[in-house]
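Here's the structure, in structure tokens; my notes come after.
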Amino acid sequence: MHELSIALGIVRIAENETKKANAKKVEKIELEIGTLAGIEFDSLDFVWSSAVKDTVLENAIKKINVIYGEAKCFDCDTSFKLDNIYDACPNCKSYLKGIIKGKELLVKFLEVS
């Protein structure tokens with residue numbers, strides 16, 4: 001379960017940014033997480049309260065924007081939704097593709113006070 005280390009990394013980012021802003025706590029945090037980022041959303045939710053306890057994020061509202069996978073086939077130029085990183089192009093069945101989005105893991109927004 002690497003989601004705990006990811007949550008702790010998010011806490012570290014929030015603490016650094018809160019310190020830079022001379023603030024004491026985070027009111028709201030917005031994350032962007034891609035479906036191809038290798039993160040189990042349920043596991044992240046499960047560990048979140050433990051990871052943020054006694055930190056600037058303890059009472060923050062957490063919002064996750066889910067970024068769905070999208071790729072473009074190198075063989076036929078078809079753009080398509082990607083549920084799994086190993087999916088083939090639905091048009092020509094090629095596995096040669098460039099991933100356009102879905103691997104994101106970003107702290108998009110922090111509201112501090």
Side-chain angles (χ1 to χ4, degrees):
M1 179 186 301
H2 70 279
E3 283 77 8
L4 179 59
S5 63
I6 291 168
L8 292 172
I10 293 168
V11 168
R12 189 171 40 243
I13 291 168
E15 288 179 338
N16 289 340
E17 295 304 316
T18 304
K19 190 175 183 179
K20 285 182 193 173
N22 291 324
K24 296 200 182 303
K25 64 181 181 175
V26 176
E27 300 290 336
K28 183 177 179 181
I29 183 168
E30 191 172 311
L31 307 170
E32 283 190 354
I33 302 176
T35 56
L36 305 174
I39 296 173
E40 294 291 331
F41 291 94
D42 290 342
S43 295
L44 183 62
D45 283 340
F46 179 75
V47 300
W48 186 259
S49 59
S50 297
V52 302
K53 186 174 181 181
D54 298 328
T55 73
V56 295
L57 284 173
E58 185 168 15
N59 297 311
I61 297 169
K62 175 182 59 144
K63 180 181 178 192
I64 297 176
N65 298 321
V66 178
I67 309 296
Y68 293 97
E70 189 175 313
K72 186 170 187 175
C73 179
F74 287 147
D75 289 331
C76 71
D77 275 346
T78 298
S79 293
F80 56 98
K81 289 181 74 177
L82 196 60
D83 294 327
N84 296 296
I85 205 155
Y86 300 110
D87 287 351
C89 172
N91 186 44
C92 71
K93 309 301 181 204
S94 171
Y95 288 95
L96 298 175
K97 61 191 170 288
I99 296 173
I100 298 169
K101 60 183 181 176
K103 295 179 84 176
E104 296 85 350
L105 175 54
L106 302 170
V107 175
K108 180 77 174 176
F109 173 83
L110 288 171
E111 183 179 305
V112 298
S113 62

All pairs passing salt bridge (charged side-chain N to carboxylate O under 4.0 Å, His left out) where residues 49-63 contributes a residue, at least two apart
Asp45-Lys62
Just wondering, do Ile39 and Ile6 contact through their side chains at under 4.5 Å, heavy atoms?
yes
Under 3.5 Å, sequence neighbours excluded: what are the donor-acceptor pairs made by side chains of residues 74-84?
residue	atom	partner	partner atom	Å
Asp75	OD2	Ser94	OG	2.5
Thr78	OG1	Asn91	ND2	3.3

Out of curiosity, Lys28 NZ to Leu57 CG, how far, rounded to the nearest 0.5 Å?
14.0 Å
Please name all residues satisfying side-chain hydrogen bond (donor to acceptor under 3.5 Å, both in side chains) with Asn16, sequence neighbours left out, ordered by chain then number.
none
ILVMFWY network linking Val107 to Val56, side-chain heavy atoms under 4.5 angstrom:
yes
Check for a donor-acceptor pair, side chain of Thr18 on one end and backbone N or O of Ala23 on the other, with a separation under 3.5 Å.
no
Measure the shortest side-chain to side-chain distance between Leu36 and Tyr68 over non-hydrogen atoms and say whether it is less than 4.5 angstrom.
no
Which is it for Ile64 and Leu44 under the side-chain contact (heavy atoms from CB on, under 4.5 Å) test, yes or no, and what are the steps along the way?
CA-CA 11 Å; Ile64 297 176; Leu44 183 62; 4.1 Å; yes
Honestly curious: do Ile67 and Ile85 fall in one hydrophobic cluster under the side-chain, below-4.5 Å linking rule?
no
Can you give me the closest heavy-atom contact between Tyr86 and Tyr95, atom names plus distance?
O-CE2, 3.2 Å
Just so I know, are the side chains of Val26 and Asn59 near enough to count as touching, which here means a heavy-atom distance under 4.5 Å?
no
Would a single hydrophobic cluster contain both Leu31 and Ile13, if residues Ile, Leu, Val, Met, Phe, Trp and Tyr are joined by side-chain heavy-atom contacts under 4.5 Å?
yes
The side-chain hydrogen bond (donor to acceptor under 3.5 Å, both in side chains) partners of Ser113 (sequence neighbours excluded) come to Glu27
Validation row: Ile33, Val66 side chains within 4.5 angstrom (heavy atoms):
no
Can you check whether Ile29 reaches Phe109 side chain to side chain, under 4.5 Å on heavy atoms?
no
Distance from Cys89 atom SG to Lys72 atom NZ, nearest 0.5 Å?
11.5 Å
Going only through I, L, V, M, F, W and Y residues with side-chain contacts under 4.5 Å, is there a path from Val47 to Leu8?
yes
Straight-line distance of Asp42 CG to Glu3 CD, nearest 0.5 Å
9.5 Å
Of all pairs that satisfy salt bridge (charged side-chain N to carboxylate O under 4.0 Å, His left out), the ones with a partner from residues 94-112, not counting sequence neighbours
Glu32-Lys108, Glu70-Lys101
According to salt bridge (charged side-chain N to carboxylate O under 4.0 Å, His left out), does anything in residues 10-20 pair up with another residue at least two apart or in another chain? List the pairs.
Glu17-Lys20
Common cluster, Trp48/Leu110, ILVMFWY with side-chain heavy-atom separation under 4.5 Å:
yes
